[in-house]
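A quick note: this is a predicted structure, and the numbers were derived from the prediction, not measured.
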Amino acid sequence: MSAAPFTPEWTEAFREAINTSSEYRQSAKEWAWPLALCLYRAPSLGYPEDIAIQLELERGHCREAKLVRASEANAPFQILGDYDAWKQVVRGNVDPVTAIMGGTLKLEGSMSTIMLHVKSAKALVECASAVPTFFPDEEPYVA
């Protein structure tokens, strides 16, 4: 069953996708910091406030993924963006590093550290793309 991104169900499925991805596990061996993915509010799409998925990442494993208010995210690396930007990332149409460099997403944290871990960022996007996702601005899929 699919879920809308930045919901508790989607967040848990994302954590599971991360933890079952051998590509992520291999490419993120050196990544040992929490990461928050922040979505700016979009009330018309069901996101009445800024929210974040806080990922407790450690050397290729996600110990915890939780949905929090964006103001409560305390990860040293935070990537912030609007619904359309995140939709493009989840769909795999753009990687987050390219989106950050182009200004579509904003990074709070060290860009040089992110640049050292581009492969793990791309593998994380592949994990997000693997989660069955329903986008609230699209017609529902009927099987």
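Ile53 and Phe134 are not part of a single hydrophobic cluster, where members link through side-chain heavy atoms under 4.5 Å apart. Tyr24 and Leu116 are not part of a single hydrophobic cluster, where members link through side-chain heavy atoms under 4.5 Å apart. Grouping the Ile, Leu, Val, Met, Phe, Trp and Tyr side chains by contacts below 4.5 angstrom, directly or via other members, places Val89 with Phe135.
Here the CD-CG distance, from Glu49 to Leu39, works out to 10.5 Å after rounding to the nearest 0.5 Å. Taking CZ of Arg63 as the reference point, atom CG of Leu55 lies at 11.5 Å (rounded to 0.5 Å). With rounding to the nearest 0.5 Å, the separation of CD1 in Ile79 from CG in Leu35 is 5.0 Å. Atom CZ of residue Arg69 and atom CD of residue Gln54 lie 14.5 Å apart, to the nearest 0.5 angstrom. Considering CG of Asp84 and CG of Asp137, their distance stands at 7.0 Å, rounded to 0.5 Å. Going from atom OH of Tyr40 over to atom CG of Leu80 covers 4.5 Å, rounded to the nearest 0.5 Å.
Among all heavy-atom pairs drawn from Cys38 and Gln78, the shortest one is SG-OE1, 3.8 Å. Pairing each heavy atom of Ala3 with each of Thr7, the nearest pair is CB-OG1, 4.0 Å. Between Leu105 and Gly81, the shortest heavy-atom distance links the atoms CD2-CA, 3.6 Å. Nearest heavy-atom pair, His117 versus Trp33, reported as atom, atom and distance to 0.1 Å: NE2-CZ3, 3.9 Å. When every heavy atom of Cys127 is checked against every heavy atom of Ser21, the shortest pair comes out as SG-CB, 3.6 Å. Scanning all heavy atoms of the two residues, the minimum distance from Lys119 to Ser27 falls at O-OG, 3.8 Å.
Remark: Arg91 CZ is packed, more than 12 non-hydrogen atoms of other residues, nucleotides or ligands lying under 6.0 Å away.
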Return a table of donor-acceptor pairs under 3.5 angstrom between the side chains of residues 93-104 and protein atoms on other chains or two or more places apart.
unit_1: Asn93; atom_1: ND2; unit_2: Gln88; atom_2: OE1; d: 2.8
unit_1: Asp95; atom_1: OD1; unit_2: Val97; atom_2: N; d: 3.0
unit_1: Asp95; atom_1: OD1; unit_2: Thr98; atom_2: N; d: 2.9
unit_1: Asp95; atom_1: OD1; unit_2: Thr98; atom_2: OG1; d: 3.3
unit_1: Asp95; atom_1: OD2; unit_2: Thr98; atom_2: OG1; d: 2.9

Query raised in the report: Can you list the steps and then say if Cys62 with Leu57 is a side chain to side chain contact (heavy atoms under 4.5 Å, CB included)?
Result: CA-CA 4 Å; Cys62 182; Leu57 302 170; 3.8 Å; yes
Requested in this report: Evaluate side chain to side chain contact (heavy atoms under 4.5 Å, CB included) for Lys66 paired with Thr11, printing each intermediate quantity in order.
Outcome: CA-CA 7 Å; Lys66 61 183 175 180; Thr11 300; 5.7 Å; no
Requested in this report: Mind running ring pair (Phe, Tyr, Trp, His ring centres under 6.0 Å) on Tyr47 and Trp86 for me, showing each step along the way?
Outcome: CA-CA 13 Å; Tyr47 304 103; Trp86 283 117; over 10 Å; no
Report task. Step by step, work out the side chain to side chain contact (heavy atoms under 4.5 Å, CB included) result for Phe6 and Leu45. Result -> CA-CA 11 Å; Phe6 290 85; Leu45 298 172; over 6 Å; no
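A donor-acceptor distance shorter than 3.5 angstrom exists from the side chain of Arg25 to the backbone of Asn19, with no hydrogens or angles considered.
Counting heavy atoms from C-beta on, the side chains of Trp10 and Leu67 never come closer than 4.5 Å. You'll find the side chain of Ser120 stays beyond 4.5 Å of the side chain of Leu124, heavy atoms only.
Take Lys122 and apply the side-chain hydrogen bond (donor to acceptor under 3.5 Å, both in side chains) test, not counting sequence neighbours, and it matches no residue.
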